[in-house]
Structure formats: structure tokens, C-alpha cells
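Taking it in order: structure first as C-alpha cells, then the write-up.
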Amino acid sequence: MDNHIHGVPAVSSKRAAAMNALPKIKISDPPNRHPNLIDAFMQSPSHQTHPKSSVDPVGSTFSPHISSSALGPKRSASARKPLPTSPNRSREHGLRVPATSSPLNSDDKPRERRKVIGNYVLGKTIGAGSMGKVKVAHHIKTGEQVAIKIVTRQNPDSQKLKIPSQETLKAAQSEKNREIRTVREAALSTLLRHPYICEARDVYITSSHYYIAFEFVDGGQMLDYIISHGKLKEKQARKFVRQIGSALKYLHHNSIVHRDLKIENILISKNGDIKIIDFGLSNLYMRQSRLRTFCGSLYFAAPELLNAQPYIGPEVDIWSFGIVLYVLVCGKVPFDDQNMSALHAKIKKGTVEYPSYLSGDCKSLLSRMLVTDPLKRASLDEILNHPWMNRNYDGPMPSFAPERSPITLPLDQSIIKEMNGFDFGPPEKINRELTKVISSEAYQSLAKTGFYSGPISADKKKTFFEFRIRHAAQDIENPILPSLSISSNVYDAFHPLLSIYYLVLERKQYDRGGTWNRFVKTPVSSVPSSPIQTQSFSRSLPPMPEISDNPVITKANEPNDDDLSRITRKLSLVRGKPSPETQSHLPSPSTLEKKSSSIFRRFSSRRKQSRSSSSNRSSSSTLQISAPLEATQSPVVPRTKVSSKPPISYKNKVLNSGNIGRSTSVREGRYAGVDKALDSPVNDSTLTSGVPPAVQHNRLLNPRGASLGRGKIADATFKQKQVLSDTMGEPIGKHAEAKSQEKVDPIKPVFLKGLFSVSTTSTKNTETIQRDLIRVMELLDIEYKEIKGGYSCIYRPQGNVPNTLLTTPAKANNNQSRRLPSGGSSFSTESYGYVPDTVQVGTSEEPVSSVLMFEIYIVKVPILSLRGVSFHRISGNSWQYKTLASRILNELKL
Ligand SMILES: Nc1ncnc2c1ncn2[C@@H]1O[C@H](COP(=O)(O)OP(=O)(O)OP(=O)(O)O)[C@@H](O)[C@H]1O
């Protein structure tokens, strides 16, 4: 094999040699951080009312886990000393405990100290996005694994500058918005309860970070699944799509719009079911209000978002849903272009090419979803009832929304108090507004008869709704989206306040009620004299019932920094055991769709494939392998286990903050702004010759990946303070081959949830695959370290090195064409990042990075004596990652 194939410099041993061990990250709250306005949401009973607060309440009722030495400077100081491993100490927030306390450390290797957050011991980083990083963690007592999303809090210093520059103000606003999103995500995720939505278990706030502990989804990302399996057969896709549909139905029913539905935000559990994650861009919607934040991920974003057209909500999820379906069945995105403005134009035009292998029904469904006019786009009900969705099923999957009865006055104040995190304002205001909603003619009429017969007109905006029992959209005076004009009952997205009231009520019931509090703040030991700040304050929101998409905080009602600066708060929610009766309403996912699960139990032998055809693998070459019985008891993929090895780190290779190139989502960006900027005349050469020869070559070699690999990154407008070095290990480097053969743990069997593509499996033995992998990684200039069962990798494109597979884009000097010179495969929007709503996206001059962090595991396919490789993306641009993974597979020639 030519070691300089495609112009990629062979082996980057210099890089490997440069890797020196980094000191472990010290995660300690810097002194004098103060809570910011987000604390406004934490309106809760005083912690003193919780005598059980220092008792670990796992599995029972909520307790705020007061930890007097948990936070602040004192804690930081004490954290530097070795700590005893007593449970009491280890429960303290932010403390590092020897990993011996972890039930997951079963070997006798030197123990590293691990950080403890609340009830969880943090483990390795498993993902990173624009909001922060995500680490695996386990519960100190139960050992339950969770995924903890860590989001940095706003730096108070950014608010204190005497003469803040515009940049500083922008950055501060951006951070503020991110915090609002984080709180909203935490608030929503702790309330939602659906088999296909990832639930938050606990939320903690320290002076410097938010920690949201989510249930751990252990089957990997849908994106990795597509990489491993190629496009899915329609039957396989249907199972996932039905589950996504059910989750969306539940969300929309509860007045929630996700707004960032994309392949990367769909994880797969080890049962082979999906879990939707990332509610960072979600919001509440109302049928007669319009949202005005144009956010999401470009490839998945509805055209109206690109046109800066205000929208209601569900319709943008439906478009994204259509893109997800297309990606599943076609293995590529429907709209793609090297040039950003051309890509925008394609999405707006909405002309979709349907591959000939798609069934008529599938095309028909897609063509109803990918409709550029939101008024003509299919409603969710239409989608769920479409013949394609229900082939071989009895009917649509339920939404799993519990039965509800009309709410009567007076309202339950304990519920009202828990309705925080949504910018609703203080409890009194919520009570007032909700009372109005419930007393309204519309509600009363609908609650009694299920049918509202009052007048409906455009100027009725602040009364309620254009309800009709069934398909009566045509009767309604307003042009109303078909998906939104029909409501079969009073409980279906009647009003966001009502939806949240129901959700809190149901969550309280589920968690046995009474003792449950969603948000509780505690003082820190470093400031013992500080009283708990029970003052509440509200943001200047548009009066309810309008929903503020971008709440503005005014000076008048903003929390006073001085009042709050000495308080560090922890927000914690611990769920109790579900009562049997409430538990029963949610069947276990695995029992939900028995029919479809059979697709994961099929068995077929691996097709022999000639090397000559290996570059053109299609679904027809998909290998189907049955899951042995023990599959359910065994880890599906090795990476889902916390390695017992100490976390590994690339020496002197801390990834720079701001250099993680993923951030697929546009946080509060204005597509229109981007679009406007990008619709300016474009340099012809960028349109025609934007792809360097190396990448064009790569595409030719790699037709499967190429379809997804032609997006571009614009400029990054966000910065992530991500230090991922603690997840990486000692370099293996060039000479590690033999060593790696000794050291790599026995290759784990992969109990396949489904199908495994021939491009990821091989009859080669483990050693050969290891050797090949190392060769390919060096060929592609990928930094790699040995980890348990595989390699942890960093691909660090070097902008000044021509013809690398992926390169950082040139710093954009204008807004006309933002693209990766190398034609790296990314969503354009991935680089927009998190910007204040008032700032037009696309004006930033920040360079984007396409640093990719991922893992490659060598897996064993049971029974068939096959080996395979599986990928796991940690961070970096999704589609660049997909291209790189495809390239690796191509070079591996498994
Ligand atoms: N519950 C979970 N279980 C397992 N892995 C998870 C979980 N939640 C997140 N991850 C991993 O972390 C990654 C980043 O998570 P997430 O998308 O929530 O972050 P983000 O910062 O909001 O990302 P984005 O920039 O796309 O908005 C995911 O792609 C996934 O790999």
C-alpha cells in the first residue's frame, strides 16, 4: 500500500512523540465564582426543610444532599489532599475519591482519583458538543451508570468589565443564553417520561458548572450505527422511525418542540431501541404564538428556519424527522452541497432525489415530510398513520402520554412551585396565568364537551385556540398548519403552562409525590454566613400565554450579583422509586414492539465479497447476525463499560478550548442572517473547485461516505471550554504494534443488536486487524492511543498541510463562502455554534476546527468467528467524522 496515498503524509510519529502526559484535570470550583441569573429559576423550599438532606436518598425520595464542604474554595483545598473513601466523604460534591471506591474498578492497577458529583463518580468523557462535554459516571451506591452532561457556567468576570467591548458583550450574552438553554434542558429532561426519550436523573449546580445526569444510553449513536451498518433496510428503519414518531408525539402533545432532531441526537440503547437526547434547543410552543429563534442543525433544518420565518414549532421537528428518515434509508442527507449558499438554496427549494431502491411507500412518506411549505407539510398524525409506518404493524405506536383529566381550580401550589426552569416567572405569576387559562371559555368548553365552539380569528391571539375535534382545519378562519389545527382533546398541547403543570403532576405521582422537589439550592460551607436567597425574581417575559423563545433579562428584575455572589447552589433532583401503578403506564421498550425486534435476531452468514467490489458496498451486502441469548446480559459494545484502566491522556495534547469542531447545532442562530450573508456573490472557484484533489480522490474511492461528506464548515462562533485530555491515554505511537498485542484486553464480543456491515467485519484475526488499524491510522495522520479493546483517536487537521483528509477551514474573511478548503464533510451550521439571538450568525471571524475525537474498537462477532471494528465518536464534526470513518474502513480493507 502506498503510504502517501491521496497525498496524506504517512505516519505522524512526530505527533505521537510529542504526546506527554498531562496532569489530570483538576475539576475544582474556582473561588469567587458566583451564581448568575440562572439561579432565578431555582425557586424552591429552603433546604433546611429537608432534614434528610445529608442522607443519600437513592431509590427513595428526593433529598438535596447538602454537603457542607462540597463546593467553593474550601472544598478545592481539601480536594487536594488524599481523601478517605468513606461513603460520606465520597458523596460530597466535587471531591475526588480514589477510584477504588468505584465498583467498576476491579483490577489492581494504580488508582486515579476521580471526581464525585453528588451521588456519582465521574468517569471518562464519552461525548462532547457545543454545550460541553459528557462523561460517563456511576452511582456510588447502586453502581448505575449515567451520562453526565457538564456545562460551564457563565464567568461572572465577563459581566464586570467596566467598558465591555462588543465582543465581550456578545460572549457574555452567548454564555447567558447557553445557561438558559441548559436550565431549560435540565428542567424538561427531568419531567419527560417516555421510553424513547433520554431522562435526566439528577441535576446539580456548582458555582462553576451544571451537571445533568442522564440515564446512560449504552448502545451508541445512531450515526455510529449507520457507519457500521450502512443505510438501513426499510424494515429496520421503520422500527426506529416509529419510535421517533412516538417520542415526537409525546413531546408535541406536551407543548414541547425539540428543534434539534438529527441523527447525532438519536442514541441506541442496548435493547436496540432509540433514545432521543439533547433538549438544549427545545422550547415550549403554543398554537397561536410563533417562535422566532432560528436554530438547529443546517442539514436537518426546515426551510422556514433558513428564511427566518416565525414558526409554531412541531412543523420544524417534522421536517427534521423527514431528514432523519432519509438518512436512515439512504445513508446520506437529501440536501448537500460544497457551497453553503448553494446548500441553503437546495434546502429551501426542497427538491429531493429518491434513490430507485426506495419503496413507493417510503418515497410517498418522505415526500409528505420534506415539503418546503410548512402549511402543506404533513402533520405528525398523518405521518404516524402513513402506510409505510404501519406496514406489518397493527397501527401507530402510542405516544405514551398518560391519561389526564381536566384541571380544576384551585391549583395545587406544590406543583406550581416546581414549574421552574421555563421562564414562567415566579409562582404567583404562574398561578395567576394558569388560573386564567383554566377559567377561559375555551378551556371550560373543551373540558366539558371536548369541543370549543367559540369564535376564532386572527385577533384572538391571546385567547385560546382553534380547536376542532377532528379534521376541521378548513373551517378555521386563520391559515393554520394542518399539524396544529386539530386537537382531539383538551390535554393535547392546549397551553404550555398546562402541559408543564401536568408533567410536574405526573412526575410527582410517579416519584411517589409529596417529598419531591425539582430544584433545591443549598449554601456552601465557604460562605456559611450567607443566608439562602429565597428571593425570587422573574425575567421580563412577554406576558403569558405567549411563549418567549429568547427571554430577555432586564436590569430591573435581574438578580443582583452582590446578593447572589456568595452563594453557590446545587440543584438536585433525585427520583424516588416509581409506584407500581404509575410504573405500569410505561411498558418497557423492549416489550413494546416485539414484532420489530425480530429484525435484530436474524441470522445470516457473511457474504463473501470480492475486494474489487468492496468500495461499493450497499445495503445488499449487509450482514445479518443473530444475537445470542446472553446478549442482553452482556455489554453490547465494549466502550459502554467504564474502563478499569486509569484515564489515559495525550501528553501535552490538551485540546484547545474552542477547538472541538462538532457543535452541530446552531444555538439561537439566525439562518436568515447566514443566508443573507452567504447569498452574496460567491467566488466561482469556491463553487467549482472547492474540493481539493485529495478529497475528490477520497470520494471516488469511497462512494458510500462521499454522499455525506461534502458539507462545509463555516466559521465557529462558539467556544467550548473542553479539556478532553483526561480521556486519552498514553500514546502507542509507531512502535506500539507488538506492545498493543500484549496489552489490548481480550477483544470483547459484540452481541449485535442488529446487523453488521461487511465493511466493518472480517475473517482476519485480531492481531492482523490491530496491525492494519495502526497502519491506517498512521497513514491518515491520526493520533491514537491504546485503550481497552481498541484505540482512542484524535484527528487534528492541519490547515497548513495541503491534501490532508480534512483541514481546518481558512479563516473566513468575508461571509460569502464559508467552507472547508478540503471539502471536509460537515454540516455548515455545525460551526455557527452558540450565538446570541440578536447577532446574525455567520458574521463571526472565528476559525472553525475540525478536530475529531473518536474511538475504534475491535470487536468479536460471536459464533461466526468474525472480527469487526466499531467506531464511537467523542467529539468533532459529525460528517467529517463519518467521512474519516469511511476512509479508515476503506483503507482497512476488512
Ligand atoms: N444519555 C447519554 N448516554 C450516552 N451518551 C450520551 C448521552 N447523552 C449524550 N451522550 C453523548 O454525548 C454526546 C454529546 O451530547 P449532547 O448532544 O447532549 O451534547 P451537546 O453539547 O448538546 O451537543 P450539540 O452540540 O449537538 O448540541 C452525544 O452525541 C453522545 O455521544
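Each residue takes its place number in the sequence, starting with 1. Counting starts at 1 for both ligands and their atoms, in listed order.
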From the candidates [options], the one that places a heavy atom nearest [atom]:
atom: atom 19 (O) of ligand 1; options: K135, K133, K149; result: K149
atom: atom 1 (N) of ligand 1; options: H872, E215, K275; result: E215
atom: atom 7 (C) of ligand 1; options: L267, I268, V146; result: L267

Only heavy atoms of [X], strictly under 4.0 Å: list the atoms of ligand 1 that pass.
X: Q221; value: 29 (O), 30 (C), 31 (O)
X: F214; value: 1 (N)
X: C198; value: 1 (N)
X: R873; value: 29 (O)

- [ ] In plain terms, say whether K262 and D260 are close enough for a salt bridge, that is, a side-chain N and a carboxylate O under 4.0 Å apart.
- [x]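 A salt bridge is present here (some side-chain N lies under 4.0 Å from a carboxylate O).
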
Open item on the list: Is it true that R259 and Y311 share a donor-acceptor pair across their side chains at a distance under 3.5 Å?
Closed with: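 Yes.
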
Open item on the list: Using the rule side-chain contact (heavy atoms from CB on, under 4.5 Å), only one of L188, L191, L503 pairs with N254; which is it?
Closed with: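 The single option meeting the side-chain contact (heavy atoms from CB on, under 4.5 Å) with N254 is L503.
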
Task: Contact check, side chains of L298 and L306, non-hydrogen atoms, under 4.5 Å - done: yes

- [ ] Determine whether H258 and I276 make a side-chain contact, defined as any pair of heavy atoms from C-beta on separated by less than 4.5 Å.
- [x] yes

What part of [X], side chain from CB on, backbone N/CA/C/O, both or neither, has a heavy atom under 4.0 Å from ligand 1?
X: K262; answer: side chain
X: N265; answer: side chain
X: S130; answer: both
X: V134; answer: side chain

Task: Output field: ring centroids H138/Y120 closer than 6.0 Å - done: no

Task: Heteroatom distance test (V217, ligand 1): nitrogen or oxygen, under 3.5 angstrom - done: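 By distance alone, the answer is yes.
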
Open item on the list: Assess the residue pair E264 and R873 against the criterion (salt bridge (charged side-chain N to carboxylate O under 4.0 Å, His left out)); give the C-alpha distance rounded to whole Å, side-chain angles, the decisive distance to 0.1 Å, and a yes or no.
Closed with: CA-CA 10 Å; E264 299 93 317; R873 184 186 58 131; 5.3 Å; no

Task: Under 3.5 Å: donor-acceptor pair, side chain of S297, backbone of F300 - done: no

